[in-house]
S.K.: 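So that we are looking at the same thing, I have put the structure below in C-alpha cells.
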Number of protein chains: 2
Amino acid sequence: MRATAHRFNASQQAMIHLIATAGPLSRTRLARALGVGKPALTALTRTLIEAGIVLEAREEADEPRQGRPSMLLAMNPEYGYFAGVSITLEQPVLVLVDLTGHVTARLELPFSRDPETVATQIADGVDSLIADTGIARERLLGIGVAVSGLVDAAHETCLNSTHLDWHNVPLARLIRDKTGLPAYLENDAKTAATREKLFGEARPLDDFAVITIGDGVGCASFIDGKLRRGHNGGAGEIAHTTVEPGGRPCKCGKRGCLDTVAAPGAILLQARNAGLKISTIGEIEMLAARNDPAALDVLHKAGATLGSVIAHLVQVNDPEAVFVIDTSAAVGTLIRTLVQQTVTANVLPDMGASLRLVFSRVSGDFWSQTAASVAAHKFFVPD
Amino acid sequence: MRATAHRFNASQQAMIHLIATAGPLSRTRLARALGVGKPALTALTRTLIEAGIVLEAREEADEPRQGRPSMLLAMNPEYGYFAGVSITLEQPVLVLVDLTGHVTARLELPFSRDPETVATQIADGVDSLIADTGIARERLLGIGVAVSGLVDAAHETCLNSTHLDWHNVPLARLIRDKTGLPAYLENDAKTAATREKLFGEARPLDDFAVITIGDGVGCASFIDGKLRRGHNGGAGEIAHTTVEPGGRPCKCGKRGCLDTVAAPGAILLQARNAGLKISTIGEIEMLAARNDPAALDVLHKAGATLGSVIAHLVQVNDPEAVFVIDTSAAVGTLIRTLVQQTVTANVLPDMGASLRLVFSRVSGDFWSQTAASVAAHKFFVPD
DNA sequence: CCAGATTTGTTTTCTTGATGAACTAAGAGG
DNA sequence: CCTCTTAGTTCATCAAGAAAACAAATCTGG
C-alpha cells in the first residue's frame, strides 16, 4: 500500500533530524554537529539530495567572509506531508502540513465520538485533501491524532479519556488499517510539546516544558531532547494535582485539583459564583483592572496556583524554558504577571535566573497542527 | 600519572555497562540486549576478559535445560576500585568500593571545611587506604565526592552550598591535581540515586526517583536511564518548594518550605514547640502510637506533605518507582503510611496502580558509598 | 590582475567493526 | 550411540567512516 521509499539508515536519519531541528546548515557545520568527518557528509548529503528530501542552496552571507562560501542544506518542504487532527468534543479539522510544518490544506470533518466513524472520516478526509491539492499519495508520510487522555507507548491506543469516554480504543490502528499510512495517537499536551520542539520556539532546546491552557490544563516535557512519556504514558498529568485540599469537587472525583482553580471554565465558574456578571475571562480581567475585589481574587488564585505548580515542575526537572500556551484566550496580563511572580518567588534563585517563561496565545487549527507534528516527529526520529 | 589501561571503545563500554547493570549474562543474552550479532560478542568478550575486567563462570542451572549450557559473564570485582567520600558538617569517612559496589576498606578523615585542606586529606587518605589494603595504584579508577548543594555539569565545581558555605569551589579539580586520578563532584541526592541505579534495587529500572531524608529532604531522578541533572544542575531541588504559604521561616529565607515541615530537624522542632518532651523522632512515633494528639499532628503533617510533594513529582515524571531512603532514622511506620496514602490519593489511578513506593533505612557509610558510586558510574558510562 | 590565504567540499585509500553462514562444543533425551 | 537443541567460534565479506591529499570558490593585499 505504502510506497517503499522513505527508508533511511541511522546516519541519514540523524542528519535529517539535525537539519529539521537546527535549520539550514552547511556540510561542515553538520559534520561538526554530528561528530563525523567531512567525507561521511559528502556521501550522506548526496543520497539525501538524490532522494529529494534535502535541498541545496547558496548561503547569502550578510558580510563577506573569507574562504569558499558554504552551501546550505535545508529540508525540502514538498518532499512530504503530514496529516493531523485533534479529536475533542468540537468539530474536528483535518490539516495537511509540509516537512517544515506549514499548513498546506485544511478540511472540516463531521463530528463524531465513535472510534470507527472517526477513523473512517479521517481516512476519507485524507483522500479528499490529497485529491483537492493534487499531492501524490506517496508524498503522505503519516497521520497524527491528538486526544486528551492517556495513550499507550506504541502511540496506538487511547487507554483512557474521560473527556471522550474512551477506554482502550486502538484508533491509530483503525486509521492505519483504513489508509495504509503510518498513524500515531498522542496525548494533546504532548502533541503541543512536540510541535514546539519541531517547528516552534523550542527547536534549539533539549529541556523544556509546555503548559497548555485549553479546556483544562495540560503539561508535557522534553527532557534531554526526548518527549517524556513516563512509565505509564502519564507524565505531565498535572491537571488533577491537588492544589487546594478540600477544595471544589472536580470531574475526576477528587477535590481541589488544579483544574478546579486554573482551567478557563473553572475561572469563569468561580467568577460567577462570586457574583460577577461576565461571560468571558477577558471581562474578568477588565473588572480586575478596575480593582474589582472578586475579579482580582479569582484571577489571583488562578495565577498563583498555576505559578506554584509550574515552580514545582521547574524544581523537579530544571528545564531551560517553560512555554505557557493559551489556546482559549484565558491567560491575560494579570494571570501572566502572577504566574511569573509566583514562579520567581518559589524557584531557587540559581535556577530561576536562567529560566525562560514564555507566554503565547494561539487559535485556529493549532491543535490539529500539533497532531500533525507528532507524525512529523515520528518521521524525523523513528524511535 | 594514571595507567593507560581502562580505555575501552564504545561497544566495549556498552557491554561493560550492560554487564554492570544487568548482572551476569550469557553471551547470547548480551548479544540480544545490545542488538548485535553473536560474532561481535565473541570478539568483544575476548578483549574484555583479556583486559581482566570481565570474568567467565559456568552457569549453575537450577533445573537442567536442553542444549549447551551458557557461560556467564560477570564483572571482576577486583579489576578496580573507587574511592568515595561525603563532605558534610560531620567527620568524613573515605570508603573504597570494588567494581560491584562492595566496601573493601574505610578510613575516617579529619574534619575540615576548607576546600584545599579537604582535597589534601582525601588525597592522603586514598594513599593510606591503598597502602593498607595492598591495592595497586593503577587499580584505583576514580574518586567521587558528595556535597549538598549545586554542582556544575562537569562534576568539578560546587557552585553553591549553603550547608558548607561554599561558592564556586572546584573541589574535583583540586583532588584530581593532587592525586592524578579522575575525580567527580556531585550533589548528594544525585549520588544516592546513582548508587540505587548502579548497585541498588533500581538496577533494572530506567525511570525512578529517589527521595533522601537526611539533614534535609533531597531528591533526584533517573529518566530514561540517565541521571537528570537539569539545565542548571538543580533538578530535584524540592527541599525549598513552598508547601505551606506563610509557614515557618526557612534557612533559605523563604517561608513554609518542605524542609520546614518534613526534614527530621523540623519535625523535632515542631514537636518541641507543641510541648512534647522528646529527643528523637522515634519517641514522637511512640507518643503517636499512644494517640498523643500533638505527636499525631506533627507526624501527620510531615507525612502528608512529603506525600503530596512525591505525588506531584510522580504526576510530572511518571516514574516506575520512588525510593524513599531514610538516612537518619526519621521515617517511622506512621510517616510511611501517610506518605503512601497521600501518594495513592493524589496520583491518577492509572499511574498510582503500577507505581512502586519503596522505603528503606540506611546508616553507616551510606553517603560515602553513594559518592563512590558516582565515580563508578563515570567509569561504566563515560558520557 | 595575480599570488597566497582561507575555508568548503570531494576523491581515494584504508581501517575498523560488525554480519551471515557454516562450523564446533556441550549438554539432554531417547 | 545418535539426534536434537542451544552456546559460542571461525572466516569471508561488507559497509561506514577516517585521514590525507586534492579541487573549488572566495577574500586580501600587492
Side-chain angles (χ1 to χ4, degrees), chain A residues 7-19 22-51 53-76 382, chain B residues 4 6-19 22-76 382-383:
Chain A
R7 283 282 144 76
F8 300 102
N9 68 25
S11 315
Q12 292 165 340
Q13 281 288 355
M15 184 164 149
I16 291 172
H17 180 48
L18 191 59
I19 297 178
L25 287 168
S26 74
R27 286 172 173 78
T28 314
R29 279 167 174 279
L30 278 169
R32 257 201 302 274
L34 290 172
V36 302
K38 293 190 292 180
L41 254 120
T42 299
L44 278 175
T45 48
R46 182 150 35 217
T47 59
L48 293 183
I49 290 174
E50 277 168 9
I53 187 170
V54 163
L55 293 178
E56 213 175 9
R58 286 206 43 158
E59 180 168 23
E60 306 295 336
D62 304 348
E63 69 229 16
R65 281 172 311 171
Q66 220 164 8
R68 170 176 171 178
S70 55
M71 298 295 279
L72 292 183
L73 300 166
M75 297 304 294
N76 175 8
Chain B
T4 53
H6 322 313
R7 283 282 145 75
F8 300 102
N9 69 24
S11 314
Q12 292 165 340
Q13 281 288 354
M15 183 165 151
I16 291 172
H17 181 48
L18 191 59
I19 296 178
L25 287 169
S26 74
R27 286 173 174 78
T28 313
R29 279 166 174 280
L30 278 168
R32 259 202 299 272
L34 289 172
V36 302
K38 292 192 293 180
L41 253 120
T42 299
L44 278 175
T45 48
R46 183 154 28 220
T47 59
L48 293 183
I49 290 174
E50 275 167 10
I53 188 171
V54 162
L55 293 178
E56 214 174 8
R58 288 207 43 159
E59 180 169 21
E60 306 296 337
D62 303 348
E63 67 230 16
R65 280 172 312 170
Q66 225 165 5
R68 171 177 170 177
S70 56
M71 297 296 279
L72 292 182
L73 299 166
M75 298 304 295
N76 175 9
D383 266 313

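All heavy atoms count here, side chains included; hydrogens, waters and symmetry mates do not.
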S.K.: Grab the CG-P distance between B:Leu34 and C:dG17 for me, whole Å please.
M.R.: 15 Å
S.K.: Minimum heavy-atom separation for B:Asn76 and B:Gly52, please, with both atom names.
M.R.: ND2-O, 3.0 Å
S.K.: Whole-Å distance between C:dA26 P and B:Glu56 CD?
M.R.: 12 Å
S.K.: Write down the distance between CG (B:Leu30) and C1' (D:dG8), rounded to a whole number of angstrom.
M.R.: 13 Å
S.K.: In dot-bracket form, how is DNA chain C paired, counting a Watson-Crick or G-U wobble pair only if both its distances are under 3.5 Å and using | for bases paired to another strand?
M.R.: |||||||.||||||||||||||||||||||
S.K.: Nearest-Å distance, CG (B:Leu25) to C1' (D:dG8)?
M.R.: 15 Å
S.K.: Please determine, for the side chain of B:Asn9, which listed nucleotide (C:dG9, D:dG8, C:dG17) has the closest atom?
M.R.: C:dG17
S.K.: Assign A:Ser26 to base, sugar-phosphate, or nothing according to its heavy-atom contacts below 4.0 angstrom with the strands shown.
M.R.: sugar-phosphate
S.K.: Taking the minimum atom-to-atom distance to the side chain of B:Met71, which one of C:dG9, D:dG8, D:dT10 wins?
M.R.: D:dG8
S.K.: Output the distance between atom NZ (A:Lys38) and atom CG (A:Leu30), rounded to the nearest 0.5 Å.
M.R.: 13.5 Å
S.K.: Quick one: does A:Leu55's side chain get under 4.5 Å of A:Met75's, heavy atoms only?
M.R.: no
S.K.: Write down the distance between CG (B:Leu41) and C1' (C:dA18), rounded to a whole number of angstrom.
M.R.: 11 Å
S.K.: Reading nucleotides 18-30 of chain D from the 5' end, what letters show protein touch, with B for base, S for backbone sugar-phosphate only, - for no heavy atom under 4.0 Å?
M.R.: SBB---BBBSS--
S.K.: Evaluate the side-chain proximity of B:Phe8 to B:Thr47: yes if any heavy-atom separation is below 4.5 Å, no if none is.
M.R.: no
S.K.: Within the pair B:Ser70 and D:dA7, is there a side-chain N or O less than 4.0 Å away from OP1 or OP2?
M.R.: no
S.K.: Is the closest side-chain heavy-atom distance between B:Leu73 and B:Met15 below 4.5 Å?
M.R.: yes
S.K.: In the structure I gave you, are the side-chain heavy atoms of B:His17 and B:Gln13 within less than 4.5 Å of one another anywhere?
M.R.: no
S.K.: Considering non-hydrogen atoms only, spot the tightest contact between A:Ala31 and A:Gly37 and give its length.
M.R.: CB-O, 4.0 Å
S.K.: Distance check, rounded to the nearest 0.5 Å: A:Leu34 atom CG versus A:Leu18 atom CG?
M.R.: 5.0 Å
S.K.: How many whole angstroms separate atom CG of A:Leu73 from atom P of C:dT8?
M.R.: 13 Å
S.K.: Give the minimum heavy-atom separation between A:Leu44 and A:Ser11, together with the two atoms involved.
M.R.: CD2-CB, 3.9 Å
S.K.: Taking 4.0 Å as the cut-off, does a side-chain nitrogen or oxygen of B:Ser11 come that near to OP1 or OP2 on C:dG17?
M.R.: no
S.K.: Of all the choices, C:dG9, D:dT10, C:dT11, which nucleotide is nearest to the side chain of A:Arg46 once you look at every atom?
M.R.: C:dT11
S.K.: Provide, to the nearest angstrom, the distance between the CZ atom belonging to A:Phe8 and the P atom belonging to D:dA16.
M.R.: 14 Å
S.K.: Distance check needed: C:dT7 C1' versus A:Arg32 CZ, whole Å only.
M.R.: 11 Å
S.K.: Using a cut-off of strictly less than 4.0 Å, decide whether B:Thr28 has a side-chain nitrogen or oxygen near OP1 or OP2 of D:dG8.
M.R.: yes
S.K.: Would you say that B:Val54 contacts B:Thr45 through its side chain, given a criterion of any heavy-atom pair below 4.5 Å between the two side chains?
M.R.: no
